[in-house]
There are 2 protein chains.
Amino acid sequence: MREPMTTAGAGEPPPEQGEPRPGTAAWWLARETEPARQRRRRSLTLEGILDASMALLDSRGVAALTMRNVAEALGCTQASLYRHVRNREELVTLLVDRAVSVASSPPPDGADWAGKAAWSARLFRDHLRRHPGVASLLRGTERLGPNSLTGVEYALGLFIGAGLSPRLASAAASSLATFVIGSVNFNLGLDSRDPEERHHRRRLYRSRDAAAFPLLVQHAETLADVTSDDEFEVGLNALLTGFRALIENAEATRD
Amino acid sequence: MREPMTTAGAGEPPPEQGEPRPGTAAWWLARETEPARQRRRRSLTLEGILDASMALLDSRGVAALTMRNVAEALGCTQASLYRHVRNREELVTLLVDRAVSVASSPPPDGADWAGKAAWSARLFRDHLRRHPGVASLLRGTERLGPNSLTGVEYALGLFIGAGLSPRLASAAASSLATFVIGSVNFNLGLDSRDPEERHHRRRLYRSRDAAAFPLLVQHAETLADVTSDDEFEVGLNALLTGFRALIENAEATRD
DNA sequence: ACCTGAACACCGTTCAAGT
DNA sequence: ACCTGAACACCGTTCAAGT
């Protein structure tokens, strides 16, 4: 009898035995000190696997990101992939960390910290919207990966430079990232920028019981027209305004 | 030859043909005007399917939420489930809308709108943390479901009452929900409240190249100790502070 | 030492055949 | 009219056997 397969998902008791779970700090650490088997010239390489996976993800979506399809794209067998990644979860964790590195465009030079943060957030959002497969795979397990850490270092510099303590700067940076990623994911392929979806939302709101849902009924037209762009901009500006208040507060109590 | 199966995921071109996708406004609308086949007394009912699914999700996690397991729990065949839901995606959409209805506890009476919003956000977060399987299934496709709409109506009332326009109130409500859900999902089973994870993060940060990651190295200890609670509270307060500024702004320009 | 073929134990979904 | 058994076309993962 074999061990039953477990596609480690959220909500079940952690595996607990054996090697650390992909995405944990221990796992990211262990990856670096591994024997560098990459050295020997190989036809099949982790880089190549990630390249093929990314191409698959972008062209055919997350459902097409299977070990079989990756192997086929590379002209090897599925089993060969398992010499480079322990399982699919590892592949995904490595992939999303890599995919998260946004084309580093020149930062807006004249802007203050808030302007830079807003600019980076919008850049990140646009990047994710161009790669919806990547967005849907982000789980937070990539936050300790090399590319993500570069982003963290940058954001820390921004917020510490603005006057926040390292602890608050870290919390601010990750709550901003959480918001950006969440707002993309929550509107994937279901945006009221689509006129037909807008039309149906109007009907849906308008047809509610007016006693139980007075506001939905009354403002059906307005509400149906609120797009994911509106949500994003309102949330982004609110967060930055809140951070600004936090900074002013820190300065006030320091004096 | 059969149609190849498609597990409609993010990132691929939408199916486009046939019935509306689960979660769209059109789909939620269509569900209501369906012939009420539920009337006739049945052994197998949608309610029952959702009950069994929820029990499965809570007890064994998201990976165990399969059509086979649901059928087994109910003592029927998989095929029977398909009389009540068109596919698994539908089941999930209905399930998460239902699971999102938080035990309505008495609202804090003395509090202002911000206090109430904060209280509701924390209640929602705690609810999701107790049901991580539910949290991991939230995709935004439940936002038009009956239970979610109740929450939307409530939040709209709160923010409109505070002085926001319906449009801004809607954007504020959904960006707050996005943040709460995102912050839970991003820390599922990977929280630095775990002392061992904290220990490894310290090591990870400390071992970075100090030239490329000066802040991570310098503040390794502090950063490793930032928990998901810290992130959540900082983000929540920032959002509410930002909303307050938005309200004051609206009042100022009205005068 | 490395890679493969072939299998195992699962999935979601469909549909002819039963009652 | 309703439900089922059995299949189809997929999954991720493992491992004995090859080279």
Side-chain angles (χ1 to χ4, degrees), chain A residues 1-9 12 15 17-19 21-22 35-46 48-49 53 56-57 60-95 137, chain B residues 1-9 12 15 17-19 21-22 35-46 48-49 53 56-57 60-95 137:
Chain A
M1 187 74 121
R2 280 157 196 260
E3 274 289 285
M5 143 182 102
T6 39
T7 313
E12 59 244 272
Q17 28 79 15
E19 319 226 351
R21 259 214 299 144
R37 357 176 231 203
Q38 295 301 84
R39 286 298 157 66
R40 245 172 286 187
R41 203 148 271 315
R42 289 167 159 283
S43 47
L44 188 59
T45 172
L46 180 58
I49 292 174
S53 302
L56 216 40
L57 193 59
R60 295 170 49 199
V62 71
L65 185 62
T66 69
M67 303 304 271
R68 274 169 174 79
N69 285 344
V70 173
E72 190 187 16
L74 291 165
C76 69
T77 60
Q78 307 167 57
S80 304
L81 301 175
Y82 287 86
R83 320 209 116 256
H84 300 83
V85 291
R86 210 198 324 150
N87 51 34
R88 185 176 180 276
E89 196 191 350
E90 257 195 23
L91 192 159
V92 167
T93 303
L94 293 169
L95 179 64
L137 288 174
Chain B
M1 186 74 120
R2 280 157 195 258
E3 274 288 285
M5 142 182 102
T6 39
T7 313
E12 58 244 271
Q17 28 79 17
E19 319 226 352
R21 259 214 299 145
R37 357 176 231 203
Q38 296 301 84
R39 286 299 158 65
R40 246 171 287 188
R41 204 147 272 315
R42 288 167 160 283
S43 46
L44 189 59
T45 172
L46 180 58
I49 292 174
S53 303
L56 216 41
L57 193 58
R60 296 170 50 199
V62 71
L65 185 62
T66 70
M67 303 303 270
R68 275 170 174 79
N69 285 344
V70 174
E72 190 187 18
L74 290 165
C76 68
T77 60
Q78 306 168 56
S80 304
L81 300 175
Y82 288 87
R83 318 210 115 255
H84 300 84
V85 292
R86 210 197 326 149
N87 50 35
R88 186 176 180 276
E89 196 191 351
E90 256 195 23
L91 192 158
V92 167
T93 303
L94 293 170
L95 179 64
L137 287 174

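Sequence lines set the chain letters: A, B, ... in the order given, protein chains first and strands last, and positions in each chain run from 1. What you are looking at is a predicted structure, and each value in this text was computed from that prediction instead of being measured.
- One interatomic measurement links the two molecules: CZ of Arg88(B) to C1' of dT14(C), which rounds to 18 Å at whole-angstrom precision.
- Nearest approach of Pro22(A) to Thr93(A), heavy atoms of both residues: CB-OG1, 3.8 Å.
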N/O contacts under 3.5 Å, protein versus nucleotides 4-6 of chain C?
residue : atom : partner  : partner atom : Å
dT4(C)  : OP2  : Thr77(A) : OG1          : 3.4
dT4(C)  : OP2  : Ser80(A) : OG           : 2.5

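- Nucleotide dA7(D): paired with dT13(C) (Watson-Crick or G-U wobble, both distances less than 3.5 Å).
- The closest side-chain heavy-atom distance from Asn87(B) to Glu90(B) is below 4.5 Å.
- The separation between Asn87(B) atom CG and dC10(D) atom P is 17 Å, rounded to whole Å.
- His84(A) and Ile49(A) get closest at one heavy-atom pair: CB-CD1, 3.6 Å.
- Atom pair Glu89(B):CD and dC11(C):P shows a separation of 19 Å (rounding to whole Å applied).
- Leu65(A) has its CG atom 11 Å from the P atom of dC11(D), to the nearest Å.
- Annotation for Ser53(A) and Val70(A): closest pair OG-CG2, 3.7 Å, computed over non-hydrogen atoms.
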Exercise. Would Glu72(B) and Asn69(B) satisfy side chain to side chain contact (heavy atoms under 4.5 Å, CB included), going step by step from the backbone distance to the final call?
Worked result: CA-CA 5 Å; Glu72(B) 190 187 18; Asn69(B) 285 344; 4.1 Å; yes

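- Between Arg68(A) atom CZ and dC10(D) atom P the separation is 10 Å, expressed in whole Å.
- Rounded to whole angstrom, the span from the CD1 atom of Ile49(B) across to the P atom of dC3(D) amounts to 10 Å.
- Protein atom NE2 of His84(B) is 16 Å distant from nucleotide atom P of dT13(C), rounded to whole Å.
- A distance-only check finds a donor-acceptor pair linking the side chain of Arg88(B) to the backbone of Leu65(B) [under 3.5 Å].
- Applying the Watson-Crick and G-U wobble criteria (two distances, each under 3.5 Å), dA1(D) pairs with dT19(C).
- In this structure, the CG atom of Asn69(A) is 14 Å from the P atom of dT13(D), given to the nearest Å.
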